[in-house]
2 protein chains.
Amino acid sequence: MPQQPPLACQSHDHQSCIDAAILAAGRICRERSVRLTPLRQQVLTLIWQSHKPLGAYAIMDMLAAATTRRIAPPTVYRALEFLLEHKLIHRINSLNAYIGCPEPENQHHSYFLICSDCGIATECPAKYLAPAIAKTAASAGFDIDDQSVEIIGRCPSCRKR
Amino acid sequence: MPQQPPLACQSHDHQSCIDAAILAAGRICRERSVRLTPLRQQVLTLIWQSHKPLGAYAIMDMLAAATTRRIAPPTVYRALEFLLEHKLIHRINSLNAYIGCPEPENQHHSYFLICSDCGIATECPAKYLAPAIAKTAASAGFDIDDQSVEIIGRCPSCRKR
DNA sequence: TCAAGTTATGTTATTGTATAACACTTTTTT
DNA sequence: AAAAAAGTGTTATACAATAACATAACTTGA
Ligand SMILES: [Zn+2]
Ligand SMILES: [Zn+2]
Ligand SMILES: [Zn+2]
Ligand SMILES: [Zn+2]
């Protein structure tokens with residue numbers, strides 16, 4: 001089996017990840033006639049500071065630090081809600097945290113590999129998972145609305161150490 | 001594909017689900033020389049009152065109602081921790097809720113089908129999912145520690161209506 | 001059997017996560 | 001410009017989980 005360590009686990013030009021995410025968000029919002037307001041863009045940018053899922057309260061603190069005034073939870077949660085709705089970010093249920101979607105323009109389900117060592121979470125290919133989930137649900141007569149797959153373990157980089 | 005609606009979604013003799021769970025829990029605890037105290041058994045029984053995942057605070061309220069005195073969170077969380085440790089219950093991350101394991105004596109990963117209509121959650125067969133997850137992780141060079149699969153949708157009973 | 005050690009539960013306080021309700025401002029529409 | 005809609009601010013509160021320490025109950029081994 002060919003091993004393909006996720007980009008996020010390798011050292012890479014991360015600024016281009018951020019730039020691409022902001023550009024894509026702009027395109028999507030323009031296309032859908034919804035507003036990528038300064039606050040929403042700022043939250044998205046904060047989330048994209050790394051490939052590690054970020055909690056709502058961490059985002060709150062970063063916003064407060066950046067603007068030098070208090071930011072209340074609803075402000076953050078509304079921005080998160082918007083970003084989730086347009087699939088610009090995903091929620092990692094097992095961590096109560098949020099992470100940027102690297103391909104918001106391609107509709108897809110998000111399956112995650114999460115390293116418990118370095119904290120990086122990466123979306124993993126649907127190749128095997130999507131059909132397995134479809135078959136599992138079908139065999140039980142279930143209609144799928146949404147799905148959450150979170151695989152916790154150690155990423156290739158952390159395994160080496 | 002043969003359709004096999006989960007037992008939990010059909011009308012069935014649920015008392016026998018409860019009895020079986022308590023019996024199995026007793027066997028397991030005896031075998032491992034750990035104590036299924038009255039509190040732990042009571043919490044397990046409450047969780048088994050239905051096939052719907054139950055939140056910690058709901059359990060707290062039910063305990064308080066049953067004993068007519070206040071029960072504090074740690075009391076419940078410690079019981080939950082014990083039951084989780086021995087795999088007598090599972091946690092549903094997307095709901096912050098807990099559900100009984102129907103086969104605690106067979107070691108297995110727990111994959112869930114959750115009906116957003118009636119609230120019932122059922123463990124689904126690992127047949128397709130386990131190898132798909134293994135392949136996905138292997139192809140990314142990940143070492144798996146733990147996994148969480150939660151498929152949200154509509155169960156066969158709710159689809160009919 | 002009784003003291004010592006261990007395990008379990010009680011209690012109070014606090015931290016972390018998320019939403020409700022209402023006020024105010026900005027943007028869009030007519 | 002007025003009305004409507006969308007977004008943000010603010011306060012309060014609900015829900016989820018843990019920390020720290022006190023007390024009670026069981027186990028163990030002289
Ligand atoms: Zn990057
Ligand atoms: Zn790692
Ligand atoms: Zn049943
Ligand atoms: Zn249902």
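Below, read A as the first sequence line, B as the second, and so on, with proteins coming before strands; counting in each chain starts at 1.
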**Q** On DNA chain D, compare the nucleotides closest to B:L95 and A:R40; which residue's is nearer the 5' end?
**A**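 Looking at the nearest nucleotide for each, A:R40 comes out on the 5' side.
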**Q** Main chain of A:I152, side chain of B:Q147: is a donor-acceptor contact present, judged purely on distance under 3.5 Å?
**A** no
**Q** How long is the line joining CG of A:N93 and C1' of C:dG16, in whole Å?
**A**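 It works out to 16 Å between those atoms.
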**Q** Measure the distance from CG on A:L80 to C1' on C:dG16 and round it to the nearest whole Å.
**A** 15 Å
**Q** Rounded to whole Å, please give me the gap between CZ in B:F82 and C1' in C:dT6.
**A** 15 Å
**Q** If only atom types and distance count, is the side chain of B:H14 paired as donor or acceptor with the main-chain N or O of B:W48 below 3.5 Å?
**A** yes
**Q** For the side chain of B:R69, starting at C-beta, report the closest nucleotide among C:dT11, D:dA16, C:dG10.
**A** C:dG10
**Q** Rounded to whole Å, how long is the line connecting atom CG of B:L54 with atom P of D:dA16?
**A** 10 Å
**Q** To the nearest Å, how far apart are B:R91 CZ and D:dA16 P?
**A**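 Distance, rounded to whole Å: 9 Å.
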**Q** If only atom types and distance count, is the side chain of A:Q10 paired as donor or acceptor with the main-chain N or O of A:P5 below 3.5 Å?
**A**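 The answer is yes, because a donor-acceptor pair under 3.5 Å joins these two groups.
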**Q** Once you apply a heavy-atom cut-off of 4.0 Å, does B:I71 come out as touching a base, just sugar-phosphate, or nothing?
**A** nothing
**Q** Is it true that a side-chain atom of A:R154 and a backbone atom of A:C118 form a donor plus acceptor pair closer than 3.5 Å?
**A**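 The answer is no, because no donor-acceptor pair under 3.5 Å joins these two groups.
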**Q** Could you check how far CE of A:M60 sits from P of D:dT11, rounded to whole Å?
**A**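 Spelled out: CE on A:M60 to P on D:dT11 is 13 Å.
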**Q** Roughly how many Å is it from CG in B:L36 to P in C:dT9, rounded to a whole number?
**A**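 Spelled out: CG on B:L36 to P on C:dT9 is 10 Å.
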**Q** Using the side-chain hydrogen bond (donor to acceptor under 3.5 Å, both in side chains) rule, collect all pairs that involve residues 61-83 of chain B, keeping only residues at least two apart or in two chains.
**A**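 Every pair satisfying side-chain hydrogen bond (donor to acceptor under 3.5 Å, both in side chains) with a residue in residues 61-83 of chain B: there are none.
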**Q** Go along nucleotides 19-29 of chain C 5' to 3' and tag each nucleotide: B for a protein heavy atom under 4.0 Å from its base, S when only backbone or sugar atoms are that close, - otherwise.
**A** BBB-----S--
**Q** I'd like to know if the side chain of B:S148 and the backbone of A:E150 have a donor-acceptor N/O pair within less than 3.5 Å.
**A** no
**Q** Hey, does the side chain of A:T37 come within less than 4.0 Å of D:dT8's phosphate (OP1/OP2), counting only N and O?
**A**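 For D:dT8, OP1 or OP2 has a side-chain N or O of A:T37 closer than 4.0 Å.
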**Q** Check whether any side-chain N or O of B:T75 sits under 4.0 Å from OP1 or OP2 of C:dG10, and answer yes or no.
**A** yes
**Q** Indicate yes or no for a side-chain donor-acceptor contact from A:T122 to the backbone of A:A8 under 3.5 Å, with no hydrogens or angles considered.
**A**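 No; zero donor-acceptor contacts below 3.5 Å.
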**Q** Roughly, in whole Å, what's the span from CD1 in A:I92 to P in C:dT17?
**A** 14 Å
